[in-house]
Amino acid sequence: MPAGAVAAQEPGDGDEDPALEALRAGDAAAGREGDRGAQGEKGHRLGFPDPFVRPRAVPPGEGPPDRPRDRERGRGPGRGHQGVHPAVPSRGRGRGIQGGRRVKEDWNDLVRDRIRKAEELRASGINPYPNDRKAGWTTAAARAAAGEKSPEELEQAAVRVDVAGRMVASRSFGKAAFVVVSDRAGRLQAYIRRDKVGEDAYSLFVKSVDVGDIVWVEGTLFITRTGELTILAERFRLLSKAIRPLPEKWHGLADVETRYRQRYVDLIVNEKVREVFRTRARIIAHIRSYLTERDFLEVETPMMQPVAGGATAKPFVTHHNALGMDLYLRIAPELYLKRLLVGGFERVFEINRNFRNEGISTQHNPEFTMVEFYQAYATYEDLMRLTEEMISGMALSLFGTTEVRFQGETIDFAPPWERIPVAAAVARHGNLPQERLSDPAFLKETALSLGIEPGKEWGPGKLLSAVFEEVAEKKIRGPAFVTEYPIEVSPLSRRNDLRPDIVDRFELIVRGREIANAFSELNDPLDQRGRFEEQLRQREAGDEEAHAMDEDFLRALEHGMPPAAGEGIGIDRLVMLFTDSPSIRDVILFPQMRKEG
RNA sequence: GAGCCCAUAGCUCAGUUGGCAGAGCAUCUGACUUUUAAUCAGAGGGUCGCAGGUUCGAUCCCUGCUGGGCUCACCA
């Protein structure tokens, strides 16, 4: 990021208080391109008293005057009363509320040490949580500014930068220390010398600042003897005191449970985890721009629905008090997106969460993210080509190649991808005679021999589908489009023109897992009503997940829906493939967990 | 929901055939102005997940529970 861009937004508007404005002007000068190398104000170093405690205008009567935090609101040293350290218990375990601050039972000595440091800072007139610094530079911008300069050239250039971030390492030498600052763009080392930052600021650093704290550093860039780009600090500022210690520097945080529950810690210490979620964001951005560029309109449809439709799954139920009615968290946006096709939005998509009240596994989280998109005047075959183009293009833009490494294997997304009918896949992977796969008796026998317990209401289509999932799906390496799904298991798909028992549908399978599901949409309102009625029969026969009747959706279809094709892609699973993550919890920031003991 | 495995210091992990609980990092004290897991000397830090049982004695053996992981099942 160009430093100038950041600096440009720095100057105050002129209607703020003078102290703040002066402060901002000073900061802006430090980061502005044209002023690089200019020396900062001499003697303007952090020390006691802290010149940068930002006076806060408090309207009279707002807030009780005795609360501890009001100490921050005065100006200069000697204000208010100090010397009370209400949150620092003497020792030992205890719980209570002292001086308005809560002391928690699980705070150990490490935490107590840090609280003590924060309280000592307050007592010295220094706010341990000031918000009066802008990071003029990112660590990456500072690196870019140094470029390939030799140590001598860099010293000559006297590039002055200021960065802020979490202090993730500290190596102290008595009268000097190396610290590492981590921000959104990377890491950068700073060298803090007593004779550079001043006696007071240095002693503050030594006594009160720990690894894990958020800090701000300003100084000029140089290269150390060992070749590391470093800020020679002239000013140093604690911006936020962390009272909990970070995990150990070498092994980091390894406990899976803690990583999922306290993702904030995981993100601080595990760079790879940050990278996974950056990749996730880029994947979603790619999908959004791909569809938007092709004239798809991004929409948002209800996530709380009176009828949970568009998929076969158990929904979560919730209740609206004022309306006095139960609502379902959606299991799919499908039926609403198709209503929009009726309404004239011929190309729509939605990227958001769906909720399914089913088990949790490495492949399933109760809430998961899908993109669903619908295109009028297109068929499922058009969507195969679109999917190939979108995902291979995604791989190219992310990695510069269509080949993706996943769990020790290479997946090549270069089109075209294999297309294989369900029955052919069953025949191939299950070593079964394909010509008998339309024989209900044979299918039932096969299902039973595989340990499947067919329901009474199951027809040949459902049986074939179950056999496919048992013997074929996991073996398909892919990427492959599985086609010719039975109409029985596809209540929303358009019937094939030549074979009434199958629909124009595909599932995208990669490494044995369903990544996408797409079909030409059923737009015959009477056929759709018949399919819903069949689903009702299945439901009455005991299939909890059979599709529910949705009269309003039928009414929409009755107004005429253009011929169309639609697709849903499971974003989480796609991200797993693209980040080499074996568990869906590794690609969801806050995966669902049981209540903490 | 079932099976198998796991839970010891803030973190990463040892350990006890049942007898006062260990290391490294982190913390605290001291030394150290170009380090890279900095180094050196010293100190503190534990309800051994929770509850029962067996036992002279349980962190260890047994039972139950809680939380987590993996594999099934369900599903995308």
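Proteins get letters first, then strands, A, B, ... in listed order; numbering begins at 1 in each.
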Among [options], which nucleotide has an atom closest to any side-chain atom of [X]?
{"X": "Ser361(A)", "options": "U35(B), A73(B), U27(B)", "result": "A73(B)"}
{"X": "Tyr191(A)", "options": "U33(B), U27(B), C74(B)", "result": "U33(B)"}
{"X": "Arg193(A)", "options": "G69(B), U34(B), C32(B)", "result": "U34(B)"}
{"X": "Asp113(A)", "options": "A38(B), U27(B), G45(B)", "result": "U27(B)"}
{"X": "Ile584(A)", "options": "U33(B), A76(B), C70(B)", "result": "A76(B)"}
{"X": "His251(A)", "options": "G68(B), U12(B), C74(B)", "result": "U12(B)"}
{"X": "Met593(A)", "options": "G10(B), C11(B), G68(B)", "result": "G68(B)"}
{"X": "Val256(A)", "options": "G69(B), G10(B), A76(B)", "result": "G69(B)"}
{"X": "Ala176(A)", "options": "C70(B), U33(B), A76(B)", "result": "U33(B)"}
{"X": "Glu248(A)", "options": "C25(B), U33(B), A76(B)", "result": "C25(B)"}

Got a salt bridge between [X] and [Y], using NZ or NE/NH1/NH2 to carboxylate O under 4.0 Å?
{"X": "Asp195(A)", "Y": "Lys175(A)", "answer": "no"}
{"X": "Arg505(A)", "Y": "Glu484(A)", "answer": "no"}
{"X": "Asp162(A)", "Y": "Arg235(A)", "answer": "no"}
{"X": "Arg160(A)", "Y": "Glu218(A)", "answer": "yes"}

Whether Phe178(A) and Tyr191(A) hold their rings parallel, tilted or perpendicular, with breakpoints at 30° and 60°: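 Answer is parallel, since the angle falls under 30°.
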
Report yes if a donor N or O on one partner sits less than 3.5 Å from an acceptor N or O on the other, where the partners are the side chain of [X] and the base of [N]; otherwise report no.
{"X": "Arg194(A)", "N": "U33(B)", "value": "no"}
{"X": "Glu228(A)", "N": "U34(B)", "value": "no"}
{"X": "Arg225(A)", "N": "U34(B)", "value": "no"}

Closer than 4.0 Å, any side-chain N/O of [X] to the OP1 or OP2 of [N]?
{"X": "Thr362(A)", "N": "U71(B)", "answer": "yes"}
{"X": "Arg171(A)", "N": "A38(B)", "answer": "yes"}
{"X": "Lys249(A)", "N": "A26(B)", "answer": "yes"}
{"X": "Arg594(A)", "N": "G69(B)", "answer": "no"}
{"X": "Arg261(A)", "N": "G68(B)", "answer": "yes"}
{"X": "Arg244(A)", "N": "C11(B)", "answer": "no"}
{"X": "Thr312(A)", "N": "A76(B)", "answer": "yes"}
{"X": "Lys117(A)", "N": "C28(B)", "answer": "yes"}

Residue met sooner reading RNA chain B from 5', once Gly252(A) and Ile360(A) are mapped to nucleotides: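 The 5'-side residue here is Gly252(A).
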
Arg356(A) vs Val206(A), nearer the 5' end of RNA chain B by closest nucleotide: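 Taking each residue's closest nucleotide, the earlier one in sequence belongs to Val206(A).
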
Taking [atom1] from [X] and [atom2] from [N], how many angstroms apart are they, rounded to a whole number?
{"X": "Asp109(A)", "N": "C25(B)", "atom1": "CG", "atom2": "C1'", "result": "17 Å"}
{"X": "Asp255(A)", "N": "C11(B)", "atom1": "CG", "atom2": "P", "result": "8 Å"}
{"X": "Trp250(A)", "N": "A37(B)", "atom1": "CH2", "atom2": "P", "result": "6 Å"}

Per-nucleotide pairing state of RNA chain B [Watson-Crick or G-U, under 3.5 Å; [ ] pseudoknot-crossing; | other strand]: (((((((..((((.....[..)))).(((((.......))))).....(((((..]....))))))))))))....

Classify the nucleic acid contact of [X] as base, sugar-phosphate or nothing, counting any heavy atom under 4.0 Å across all strands shown.
{"X": "Gly570(A)", "answer": "nothing"}
{"X": "Arg259(A)", "answer": "nothing"}
{"X": "Gln189(A)", "answer": "base"}
{"X": "Tyr260(A)", "answer": "sugar-phosphate"}
{"X": "Ala254(A)", "answer": "sugar-phosphate"}
{"X": "Asn357(A)", "answer": "nothing"}
{"X": "Met370(A)", "answer": "nothing"}

Phe178(A) ring over U35(B) six-membered base ring, under 5.5 Å and 30°: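 Stack criterion met.
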
Verify stack between Phe368(A) ring and A76(B) base, 5.5 Å, 30 degrees: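 Ring-base stacking flag set for Phe368(A) and A76(B).
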
With Phe236(A), the ring pair (Phe, Tyr, Trp, His ring centres under 6.0 Å) member among Tyr202(A), Phe205(A), Trp216(A):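 When Tyr202(A), Phe205(A), Trp216(A) are each tested with Phe236(A), the ring pair (Phe, Tyr, Trp, His ring centres under 6.0 Å) holds only for Phe205(A).
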
Ring-ring centroid check Tyr290(A) Phe349(A), cutoff 6.0 Å: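 Distance test on ring centres: not under 6.0 Å, no.
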
Phe519(A)/Tyr380(A) aromatic ring centres below 6.0 Å: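 When the ring centroids of Phe519(A) and Tyr380(A) are compared, they turn out to be at least 6.0 Å apart.
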
Indicate every side-chain donor-acceptor pair of residues 473-482 of chain A with a distance under 3.5 Å to a residue at least two apart or in another chain.
residue, atom, partner, partner atom, Å
Lys475(A), NZ, His429(A), O, 3.0
Arg477(A), NH2, Glu409(A), OE1, 3.0
Arg477(A), NH2, Glu409(A), OE2, 2.8

Check against salt bridge (charged side-chain N to carboxylate O under 4.0 Å, His left out), Glu367(A) and Arg353(A): CA-CA 6 Å; Glu367(A) 54 181 305; Arg353(A) 235 70 64 77; 2.6 Å; yes

